[in-house]
Novice: 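This is the structure, below, for whatever I ask next.
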Amino acid sequence: MSFYRPLTATFKLSGRVLLVPIVSVGNVAQLAADLLIASHKLDRVGVFDPKYLVPVVGACEDGAPGLTTPIELFGEANSQIAVIQQRSPVLKTFKQNFTDVLLEFIRNSGVSAVVFVGGVDTIDRTDAQMFTPTVFIQPPVSPPLMSQDIRAKGSSWHVPFIPGGGIAHRLLSSIPDSWQIPTVFLLQYAMEGDNRLDAQLLATVVAKALGATIIPTWTQPTAWAHGLFGTPHDQTLYG
């Protein structure tokens, strides 16, 4: 199959902002994507070739027909935001292949901008990084995305160390000089555990970066009630 297969002929990515979560520490990016999908009432509009990812399959949200696959696209006709949801990490031998086809898909999609979100391991934080929970990285080849130009300047710019960031470093390193899409990486410091509040913060940062309406109370997916930490344990097992 081709890398992307639409599930509806009426939805087009062209002109929209695409949000891409990176599987990374604490899964904070996936949780933030969940909040954006649920709060903006986005529907599944396409699926991607899962051959690059760890195989996973499950039921769809709220009993919807079909099966959930490792990586899908969510959107809605009246929303300017489209969200990729990636539920499993990239297989080690396919990391560069996946990076290349994902960037090529984005470049040919006609999106107006792309926002990559991910996590960074809090343990490796330096003293200078203690003042903010979120890191903004915009590659120098990217046109500015926000009113404040945060692009890296100078020929000496290099991709920073991103501990626990999954393929964030690889994505940053693979963006070609000919790239013409406004692009930013929003990385949230996180640790493994209950990262629901971190996800809400990251979703709010995304909304502010895009100049979108700030949602005072993010809608949590119903699946979080039973799927986020698994079902309650049977106390009789422990006497």
Novice: Looking at every heavy atom in both Ser112 and Pro182, which two are closest together, and how far apart are they?
Specialist: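 Heavy atoms of Ser112 and Pro182 come nearest at O-CD, 3.3 Å.
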
Novice: Distance-only, no hydrogens or angles: does the Ser24 side chain make a donor-acceptor pair with backbone N or O of Gly119 under 3.5 Å?
Specialist: yes

Novice: Tell me, do Leu18 and Val115 make a side-chain contact under 4.5 Å, heavy atoms counted?
Specialist: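 Leu18 vs Val115: side chains apart.
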
Novice: Using the rule side chain to side chain contact (heavy atoms under 4.5 Å, CB included), only one of Leu102, Ile106, Asn108 pairs with Glu104; which is it?
Specialist: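 So, applying the side chain to side chain contact (heavy atoms under 4.5 Å, CB included) to Glu104 and each of Leu102, Ile106, Asn108, only Asn108 qualifies.
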
Novice: Measuring from Ile37:CD1 to Gln30:CD, what's the distance to the nearest 0.5 Å?
Specialist: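 The CD atom of Gln30 is 10.0 Å from CD1 of Ile37, to the nearest 0.5 Å.
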
Novice: Could you tell me whether a side-chain N or O of Ser39 sits under 3.5 Å from a main-chain N or O of Thr219, the two making a donor and an acceptor?
Specialist: yes

Novice: Leu210 versus Ile81: any side-chain heavy-atom pair under 4.5 Å?
Specialist: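 A side-chain contact under 4.5 Å exists here.
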
Novice: Should Leu186 and Phe136 count as side-chain neighbours, where that means a heavy-atom distance under 4.5 Å?
Specialist: yes

Novice: Any donor-acceptor pair under 3.5 Å linking the side chain of Thr183 with the backbone of Ile181?
Specialist: yes

Novice: Please report the interatomic distance CZ(Phe98) to CD1(Ile167), rounded to the nearest 0.5 Å.
Specialist: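 That separation rounds to 5.5 Å.
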
Novice: Any link between Val90 and Val57 through a network of hydrophobic side chains (Ile, Leu, Val, Met, Phe, Trp, Tyr) touching at under 4.5 Å?
Specialist: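 They do not share one cluster, since no chain of ILVMFWY contacts under 4.5 Å joins Val90 to Val57.
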
Novice: Is there a donor-acceptor contact under 3.5 Å linking the side chains of Arg44 and Thr68?
Specialist: no

Novice: Could you tell me whether a side-chain N or O of Gln188 sits under 3.5 Å from a main-chain N or O of Ala190, the two making a donor and an acceptor?
Specialist: no

Novice: Could you walk me through whether Leu91 and Tyr52 pass the side chain to side chain contact (heavy atoms under 4.5 Å, CB included) test, one step at a time?
Specialist: CA-CA 6 Å; Leu91 293 165; Tyr52 305 100; over 6 Å; no

Novice: Going by heavy atoms in the side chains, are Val206 and Leu19 under 4.5 Å from each other?
Specialist: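 Yes, side chains in contact.
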
Novice: Does Asp121 offer a backbone N or O that forms a donor-acceptor pair with the side chain of Arg125 under 3.5 Å?
Specialist: no

Novice: Between Val120 and Pro163, is there a side-chain heavy-atom distance shorter than 4.5 Å?
Specialist: yes

Novice: For Pro70 and Leu53, work out which heavy atoms get closest and say how close.
Specialist: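 Scanning both residues completely, I find the closest heavy atoms to be CB-CD1, 3.7 Å.
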
Novice: Please report the shortest heavy-atom distance between Ile84 and Ala33, naming the atom on each side.
Specialist: O-CB, 4.4 Å

Novice: Count I, L, V, M, F, W, Y as connected when their side-chain heavy atoms are under 4.5 Å apart, and connections chain through other members. Are Val54 and Ile71 then in the same cluster?
Specialist: yes

Novice: Could you go through Leu187 and Phe116, starting from their C-alpha distance and side-chain angles, then the distance that decides it, and tell me whether this counts as side chain to side chain contact (heavy atoms under 4.5 Å, CB included)?
Specialist: CA-CA 8 Å; Leu187 306 176; Phe116 292 94; over 6 Å; no

Novice: Mind listing the closest non-hydrogen atom pair of Leu73 and Tyr4 along with its distance?
Specialist: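 Smallest heavy-atom distance, with atoms named: CD2-OH, 3.4 Å.
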
Novice: Tell me yes or no: between the side chains of Thr10 and Thr8, is some donor less than 3.5 Å from an acceptor?
Specialist: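 Short answer, yes.
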
Novice: Give, for atom CG of Leu35 and atom CG of Leu201, the distance between the pair rounded to the nearest 0.5 Å.
Specialist: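 Separation between the atoms: 11.0 Å.
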
Novice: Under the side chain to side chain donor-acceptor pair (under 3.5 Å) test against Asp34, which residue among Gln85, Gln220, Arg196 passes?
Specialist: Gln85

Novice: Between OG of Ser79 and CG of Leu36, what distance do you get to the nearest 0.5 Å?
Specialist: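 Between atom OG of Ser79 and atom CG of Leu36 there are 9.0 Å.
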
Novice: Please assess Phe11 against Leu13 for the test side chain to side chain contact (heavy atoms under 4.5 Å, CB included), listing each intermediate value before the final yes or no.
Specialist: CA-CA 7 Å; Phe11 182 84; Leu13 261 180; 4.3 Å; yes

Novice: Mind checking whether Val25 and Glu192 have side chains closer than 4.5 Å, heavy atoms only?
Specialist: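 Contact flag for Val25/Glu192 side chains = yes.
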
Novice: Does the side chain of Leu172 reach to within under 4.5 Å of the side chain of Ile162, using non-hydrogen atoms?
Specialist: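 Counting from C-beta outward, Leu172 and Ile162 do come under 4.5 Å.
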
Novice: Using every non-hydrogen atom in the two residues, find where Leu202 and Val28 come nearest and quote the distance to one decimal.
Specialist: CD2-O, 4.1 Å

Novice: Parallel, tilted or perpendicular for Phe48 and Phe3, by the 30°/60° rule?
Specialist: tilted

Novice: So how far is it from Leu103 CG to Trp179 CH2, rounded to the nearest 0.5 Å?
Specialist: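 Atom-to-atom, Leu103:CG and Trp179:CH2 are 5.0 Å apart.
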
Novice: Is it the case that Thr222 and Glu61 place a side-chain donor and acceptor less than 3.5 Å from each other?
Specialist: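 Yes, because at least one side-chain N or O of Thr222 sits under 3.5 Å from a partner of the opposite role on Glu61.
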
Novice: Do you know which two heavy atoms are closest between Ala199 and Leu31, and how far apart they sit?
Specialist: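 Between these two residues, the closest heavy atoms are CB-CB, 3.4 Å.
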
Novice: Could you go through the salt bridge (charged side-chain N to carboxylate O under 4.0 Å, His left out) check for Glu72 and Arg87 one step at a time?
Specialist: CA-CA 9 Å; Glu72 302 170 328; Arg87 296 183 175 85; 2.8 Å; yes

Novice: Can you tell me how far apart CG (Asn195) and CD (Gln200) are? Round to the nearest 0.5 Å.
Specialist: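 The CD atom of Gln200 is 11.5 Å from CG of Asn195, to the nearest 0.5 Å.
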
Novice: Please assess Gln96 against Arg170 for the test side chain to side chain contact (heavy atoms under 4.5 Å, CB included), listing each intermediate value before the final yes or no.
Specialist: CA-CA 8 Å; Gln96 191 59 50; Arg170 188 180 296 267; 3.0 Å; yes

Novice: Would Met191 end up clustered with Val23 when hydrophobic side chains under 4.5 Å apart are linked, directly or stepwise?
Specialist: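 Different hydrophobic clusters.
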
Novice: Counting only N and O atoms by type, is there a donor-acceptor contact under 3.5 Å from the side chain of Gln138 to the main-chain atoms of Pro143?
Specialist: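 Checked: pair present.
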
